Amino acid sequence: MSAKLIMGTEIREEILEEIKKEVEEIKAKTGKVPGLVTILVGENPASISYVTLKIQTAHRLGFHEVQDSQPADISEEALLALIDKYNKDDSIHGILVQLPLPKHINEKKVLVAIDPDKDVDGFHPINVGRLMIGGSEVKYPPCTPAGIQELIVRSGQDTKGAEVVVVGRSNIVGKPIAVMMMQKGKGANSTVTVVHTATKDLASHCRRADVLIVAAGVPGLVKPEWIKPGACVIDVGVNRVGEKVSAKTGRPVPILRGDVDFDAAKEIAGSITPVPGGVGPMTITMLMKNTLNSLKFHLGL
Ligand code: NAP
């Protein structure tokens, strides 16, 4: 048996088209478009490439986008003042501070300074609380878990009463996706188990999963014999395991591997996300969706 591939690259295009259409409709009715500011401190190459991708996507969707690049030695006070300026700016609906920040800046202090109603990353404690309460309280679900849930829903996976096992308990992936999958509602309503490094028998938990979500950051951690035949496997892991020369550009590019032994797992799973091309493309997509939802919230739509 060969599993159905859940392609984030295709689902991303579907969602971006939906967002673009809605942006055009709102613009025609109200003259307003979603506004997203990305604040980049310093010149970390990985951060620059993430921010560039976010800006390109926002631009493609017709958003008002602002890139605010600040020197690495900006003071914490000045950064907080900048955030306050965007909190008060009516043309901005989403504020994103690219992490990591330089060591002299307290990340926590910066994240809580963002107006929770413009916190499209969903990292503010108020939005974490809203996620925990669930239902209509949820304003901005964190982007990677929200993308995982979209992949599950749009691939037609039934989750009501399903056994969902989440490998990993980080604040950005494991914990929020576990909370989201146990809430009542579409693409959720599941029985959720969370496993981590202190779990006694990882394999036996994974084997029970109708939906297995793996976010451990360990290449090839999940073996094919840990997978229940027919299960839906969502591999969040993005691990650099080497370099190769790109046939297109002739330049070295990283070889990426997920947390699941993909080649063997696809012969057992019912559906599976590849790495790259599965969960990865969904994160920025959901950031755009949160920013559109913020515009709608601020317009009272
Ligand atoms: P993280 O903060 O390092 O957390 C990893 C979690 O996995 C921890 O809870 C850890 O358990 C658990 N874990 C690690 N090794 C394990 C093992 N051998 N057995 C059982 N549990 C184990 O990582 P993260 O930020 O959640 O990211 C996880 C992976 O997803 C990474 O590869 C990352 O690059 C990728 N990721 C991808 C996207 C995307 O595609 N957009 C976004 C975010 C992350 P303990 O708590 O016990 O230490």
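Each ligand, and each atom within it, is numbered from 1 in the order the structure gives. What you see is a predicted model; the values in this text were computed from it and never measured.
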Could you establish whether Gly174 and ligand 1 come within less than 4.0 Å of each other, counting only heavy atoms on the residue side? no

Using a strict threshold of under 4.0 Å (side-chain N to carboxylate O), is an ion pair present between Lys32 and Glu25? no

ILVMFWY cluster membership beyond Val241 - transitive side-chain contacts under 4.5 angstrom: Ile255

Closest to atom 8 (C) of ligand 1 among protein heavy atoms sits Arg169 N, 3.9 Å

Identity and separation of the nearest protein heavy atom to atom 47 (O) of ligand 1: Thr197 OG1, 2.4 Å

How far is atom 3 (O) of ligand 1 from its nearest protein heavy atom, and which residue and atom name does that atom have? Ala216 O, 4.5 Å

Have a look at ligand 1 and work out which part of Asn171, if any, has a heavy atom under 4.0 Å from it: side chain, backbone, both or neither. neither

Lys/Arg-Asp/Glu bridge criterion (N-O < 4.0 Å) met for Glu22, Lys296: yes

For the CZ atom of Phe262 and the CD atom of Glu267, what is their distance to the nearest 0.5 Å? 9.0 Å

Using heavy-atom distances, let me know which of Val167, Ile172, Val236 sits nearest atom 35 (C) of ligand 1. Val236

Show which atoms of ligand 1 fall inside a sub-4.0 Å distance from at least one heavy-atom site of Asn239. 32 (O)

Do me a favour and list the nearest non-hydrogen protein atom to atom 29 (C) of ligand 1 with residue, atom name and distance? Gly217 N, 3.7 Å

Under 4.0 Å from a heavy atom of Thr283: give me the atoms of ligand 1 that qualify, with their elements. 39 (C), 41 (N)

Shortest non-hydrogen separation from Val128 to Gly122 and the atoms involved: CG2-O, 4.0 Å

Can you report which non-hydrogen protein atom sits closest to atom 33 (C) of ligand 1, along with the distance? Val238 N, 4.2 Å

Any nitrogen or oxygen of Gly168, side chain or backbone, less than 3.5 Å from one on ligand 1? no

Measure the distance from atom 2 (O) of ligand 1 to every protein heavy atom, then report the residue, atom name and distance (to 0.1 Å) of the closest one. Ser170 CB, 3.3 Å

Steps toward side-chain contact (heavy atoms from CB on, under 4.5 Å) verdict (Ile152, Ile213): CA-CA 10 Å; Ile152 292 171; Ile213 301 169; 4.2 Å; yes

Do Lys139's NZ or CZ and the ring of Phe297 fall within the cation-pi criteria of under 6.0 Å and 45°? yes

Distance flag for atom 27 (O) of ligand 1, protein heavy atom under 4.0 Å: no

Closer than 4.0 angstrom, basic N to acidic O: yes or no for Lys103 and Asp73? no

Do Lys85 and Asp89 meet the salt-bridge criterion of a basic N to acidic O distance under 4.0 Å? no

Would a hydrophobic clustering, with Ile, Leu, Val, Met, Phe, Trp and Tyr connected at side-chain separations under 4.5 Å, put Met7 with Val214? yes

Run the numbers for me: atoms of ligand 1, each under 4.0 Å from some heavy atom of Val218, listed by number. 15 (N)

A student comparing His196, Arg240, Lys175 should find that the heavy atom closest to atom 21 (N) of ligand 1 comes from His196

the protein heavy atom lying closest to atom 44 (C) of ligand 1 turns out to be Val173 CG2, 3.9 Å

Going by the atom numbers of ligand 1, which of them fall below 4.0 Å from some non-hydrogen atom of Gly280? 40 (O)

Tell me, which protein residue and heavy-atom name are nearest atom 42 (C) of ligand 1, and how many Å apart are they? Thr144 OG1, 3.4 Å

Straight-line distance of Ile227 CD1 to Ile272 CD1, nearest 0.5 Å: 5.5 Å

